[in-house]
Amino acid sequence: MVADTMVKTRWVYAFGGGGAEGDASMKNLLGGKGANLAEMSSLGLPVPPGFTITTEVCTYYYAHGQEYPSDLRDQVRDALAKVESQVGKTFGDPANPLLVSVRSGARASMPGMMDTVLNLGLNDATVEGLAKLAGDRRFAFDSYRRFIQMYSNVVLNLDHHMFEEILDEHKERLDVHVDTGLTAEDWEAVVADYKQAVENERGEPFPQDPEAQLWGAISAVFASWMNDRAKFYRRMHDIPESWGTAVNVQSMVFGNMGETSATGVAFTRNPSTGENRLYGEFLINAQGEDVVAGIRTPQALTKAAREEMGEKNPSMEEALPEVFTQFKSVVEKLEKHYRDMQDIEFTVEKGRLYMLQTRNGKRTAKAALKVAVDLASEGLITKEEAVMRVEPASLDQLLHPTIDPASPRDVIANGLPASPGAATGKVVFTAEEAERLGAAGEAVILMREETSPEDIRGMDAARGIVTARGGMTSHAAVVARGMGRPCVSGAGELRIDQKSGEFHVRGRTFKAHDVITIDGSTGEVLTGAVKMIEPELSGDFATLMTWADSVRRLKVRANAETALDARTARQFGAEGIGLCRTEHMFFDPDRIAAVREMILADDEKGRRAALEKILPMQRQDFVELFGIMEGLPVTIRLLDPPLHEFLPHTEEDVASVAAATGLDPAKLLRRAKELHEVNPMLGHRGCRLGVAYPEIYEIQVRAIVEAALDVAASGKPAPIVEIMHPLVAKGEEMKFLRELTDKTVKAVFAERGREIEYKVGAMVELPRAAIRAGDLAEHAEFFSFGTNDLTQTTFGISRDDSGRFLNAYIEKGIFERDPFVSLDQEGVGDLIRIATERGRATRPDVKLGICGEHGGDPASIQFCEAVGLDYVSCSAYRVPIARLAAAQAAIGEREKDR
Ligand code: PEP
Ligand code: MG
């Protein structure tokens, strides 16, 4: 017969009474709370008996027009009967009533997003039974009024203010100020008014049938999966809607049964510092919601914590010493069992301890680090597990000064969190002023419409940078990240009026030199000086980094061009330079004149004459860089930006440059106009400069090689030099560049009578370069994926202007994340995969790296590990993040293979 062979779906899992039908591994089915309640029961911990209705019921409910599976009611009834027999009470029995709580419990914790009903099962008859059973009429009616309010709000959708007003009227009438001042009779009167109010609102009485109450609450919890709060939270935390929530029905225990009853929350370690000490609070004679509601001040758990806080009210250790001893051993057991810091809810009913919840506790970055290192040192987890326990991106909080979370914030504008950390200073509107005040030792924040390469020294002199325009890979953002300067970009609300020395925002006006603070980790601009917390790079941080380094495969390099960047990079553990953008060296005031002279020259001879002036300066830059890097590889990219970027544009600027340099103003303006391009990003830039004016690249190569030979001759370790050509598209192009490079290098070797190791490679920044990587690899010994340009050219979206419309794409879910921040693995990633395969097919040992901004993004680093790149390169301040992310990616890949 069919019915006999059909496998029945189990919708309900029981727990409590020293055993359980589920366990901690069943989070997908039972939700986090349900799975952990089951696990705690199996461990023999005191968990009030109950049962979990699975997440599959939620899925079924929404797939079937909010109907339940036909056999759910029977399974719930059986489970309830089991609970009744375990606690020796009966649901709805006026003489001996069982009361239950009904709570949500999704797979991922969604604190406070969904609904809960407590004290369910109370009605006009059972409240009398409860009063007798507890020997406390006041308690029974207090519970009943709580239940009516909660149920009416959650299940019947009535506004809770209505109930608060009624209670206030009673308190006024009785002239009492706190709830504890109300007697049993007073609560009875409140209950009567509550019920009347519900009937007035609904046209029918408050439901008295416990079974109807139960199903009302179960449906309300399932419905709350789709409330706006929950939807918003899911979107924020990438929790799929399809997961659904479970419902936990559990026998009530009461923390409000007098002076030997209590309720509280605890962390097994301090969640903000990670310190290994029980942390938390509790309230005597109270129910769970009182602890969070903030009506009464909760008390400390331990005597030591109470003394530290200077509190008078006794701690749990002092007020309930026996229960506390038991509690302490239970939480220790839980932490050992889960091998992680636990976040626990508990209740004490008449001196008996009950555990209501445990889960891995949320924590700050600092605490995550300390807990991971401590747990590994205590032998509870392995070093690899410790490495997996810390979110790489969260290290940002530890590498820069950050705003003290306890200090108040007056936010005047919001922009993009372009470069992390916080800074305070006087507002200035020009790079020159930033430089001048900075040199005088003043802290300044440079505020610009947007920055350009000419602002570089002012940016360096400023403590932080704010721009009104530009996205996450705008000039300001990239340069600030490289320098480790906090930066907020694209704060579009700012109206900067440079002439009058003011800026306006949200109806407020600020003047130059007013003090502001920026938070580059959140994108906020704040008034005044705000209290900061300084970073700490030794101790646990250093320990975890060592563990990460011992498991990672990917090398981590830095994008750096100044001595300061290079030193910072090494201090953070960089294993070389993956991108030195040489043009940044051209903007130095000492050399910009020679650069302009070169651009203005009419022929090769003129250009060479100007370049000869630049050569010794570039050589000196490289000598310094190679010295700092002490024999590590250094990838130097030849000139990349279009030449017009080095020329003044407005007539005013032309006049001042002409006056300062003695160059012909008419010629300057004419050349600037000649070089003007409609789409400079797609124009005469990258190696196209080297093809049109080979002498530029020739002189740069000469400067690099001479510097390397100088360093080697001085007895320092010789650098491994990697000369990189930007924006290459074609094999023939690469062939030309390779020959030009080799010829120059060989000439210098011959002149000096000495050689060093060097490689010539290509930046892969164009889809064609990726697709024809096999051709490039004929001549290129390495590829570095310039994913900023590769993203720009693959999507056809300008990296400088995308900030204006990308938000619309993210809000509509078309893009999950800004593709200039986190690699588009499907599209741009596929090009990288293709280039990797085709490049290796031609040249099996072609060295592969990434140097776009994605090189410091953990998700993108994971992708780089999966496709088997050799290294990632990122701004100096992201190096530790990349080291940790690379270690996690390596462990992840290994697990996949198992
Ligand atoms: C890139 O395009 O990814 C890159 C690293 O070069 P830049 O940002 O200088 O264009
Ligand atoms: Mg580029």
Side-chain angles (χ1 to χ4, degrees), residues 418-419 451-453 456 470-483 489 557-562 565 569 576-587 634-643 645-646 679-690 700 722 724-729 761-770 782-802 818-824 827-829 831-832 835 848-857 860-861 863-864 869 871-876 878 882:
S419 177
T451 61
S452 72
I456 201 101
M472 293 293 282
T473 57
S474 63
H475 179 267
V478 172
V479 173
R481 278 199 289 276
M483 289 175 167
S489 69
R557 299 193 191 180
N559 295 355
E561 39 269 335
T562 66
D565 291 345
I577 290 178
L579 174 64
C580 166
R581 293 172 163 110
T582 49
E583 62 271 14
H584 289 182
M585 300 164 164
F586 279 27
F587 281 101
V634 178
T635 309
I636 297 167
R637 174 178 78 187
L638 303 183
L639 195 66
D640 182 52
L643 297 181
E645 283 197 12
F646 299 96
N679 290 312
M681 273 294 191
L682 302 177
H684 197 179
R685 56 166 292 213
C687 68
R688 296 158 198 172
L689 292 169
Q700 285 200 292
E722 298 174 345
M724 181 156 79
H725 295 275
L727 222 73
V728 178
M763 274 187 92
V764 175
E765 302 180 274
L766 297 168
R768 192 186 196 285
F782 67 89
F783 291 162
S784 180
F785 293 98
T787 44
N788 301 333
D789 275 313
L790 191 58
T791 301
Q792 168 168 266
T793 51
T794 300
F795 278 104
I797 291 178
S798 154
R799 54 197 269 200
D800 291 328
D801 302 314
S802 64
D818 181 341
F820 289 103
V821 173
S822 195
L823 193 75
D824 157 48
V828 178
L831 286 171
I832 294 178
L848 303 168
I850 179 173
C851 65
E853 289 302 301
H854 307 91
D857 168 64
S860 312
I861 292 170
F863 172 85
C864 295
L869 298 194
Y871 68 88
V872 298
S873 187
C874 56
S875 56
R878 294 194 76 84

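Counting starts at 1 for both ligands and their atoms, following the listed order. Hydrogens, waters and symmetry mates are skipped; everything else that's a heavy atom, side chains included, is used.
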**Q** What part of L790, side chain, backbone, both or neither, has a heavy atom within less than 4.0 angstrom of ligand 1?
**A** neither

**Q** In terms of ring plane angle, is the pair H584 and H475 parallel, tilted or perpendicular, where the classes change at 30° and 60°?
**A** perpendicular

**Q** Using side-chain heavy atoms (C-beta onward) and a distance below 4.5 Å, is V828 in contact with F785?
**A** no

**Q** Where does N788 meet ligand 1, judged by heavy-atom distances below 4.0 Å: at the side chain, the backbone, both, or neither?
**A** both

**Q** Within a strict 4.5 Å, meaning less than it, do heavy atoms of the R878 and I861 side chains meet?
**A** no

**Q** Show the atoms of ligand 1 that are less than 4.0 angstrom away from any heavy atom in T787.
**A** 3 (O)

**Q** Below 4.5 Å, heavy atoms only, C-beta onward: do L790 and P767 meet side chain to side chain?
**A** yes

**Q** Could you list the atoms of ligand 1 found under 4.0 angstrom from a heavy atom of D789?
**A** 1 (C), 2 (O), 3 (O), 10 (O)

**Q** Number the atoms of ligand 1 from 1 as they appear, then name those within less than 4.0 Å of a heavy atom of G786, with their elements.
**A** 1 (C), 2 (O), 3 (O)

**Q** Hey, is R799 one of the residues with a heavy atom under 4.0 angstrom from ligand 1?
**A** yes

**Q** For ligand 1, which atoms sit closer than 4.0 Å to a heavy atom of L579?
**A** 5 (C)

**Q** Does M763 reach ligand 1, in the sense of a heavy atom lying below 4.0 Å from it?
**A** yes

**Q** Could you pull out the N/O/S protein atoms under 2.8 Å of the Mg ion (ligand 2), ignoring any water?
**A** E765 OE2, D789 OD2

**Q** Tell me if a side-chain donor or acceptor on N679 pairs with a main-chain N or O of L682 at a distance below 3.5 Å.
**A** no

**Q** Is there a side-chain contact between T451 and V479, using heavy atoms and a 4.5 Å cut-off?
**A** no

**Q** Cut-off 3.5 Å, side chains only: do T635 and R557 have a donor facing an acceptor?
**A** yes

**Q** Just by distance, do the side chain of H854 and the backbone of P819 share a donor-acceptor pair under 3.5 Å?
**A** yes

**Q** Students should be able to answer this: which protein heavy-atom is nearest to atom 9 (O) of ligand 1, and at what distance?
**A** R581 NE, 2.8 Å

**Q** Would R685 and L727 count as a side-chain contact (heavy atoms from CB on, under 4.5 Å) here? Give the steps.
**A** CA-CA 8 Å; R685 56 166 292 213; L727 222 73; 3.8 Å; yes

**Q** Against heavy atoms of C851, which atoms of ligand 1 measure under 4.0 Å?
**A** 5 (C)

**Q** With a 4.5 Å limit on heavy-atom distance, are the side chains of E561 and D565 in contact?
**A** yes

**Q** Tell me: protein heavy atom nearest atom 6 (O) of ligand 1, and distance?
**A** R637 NH1, 2.9 Å

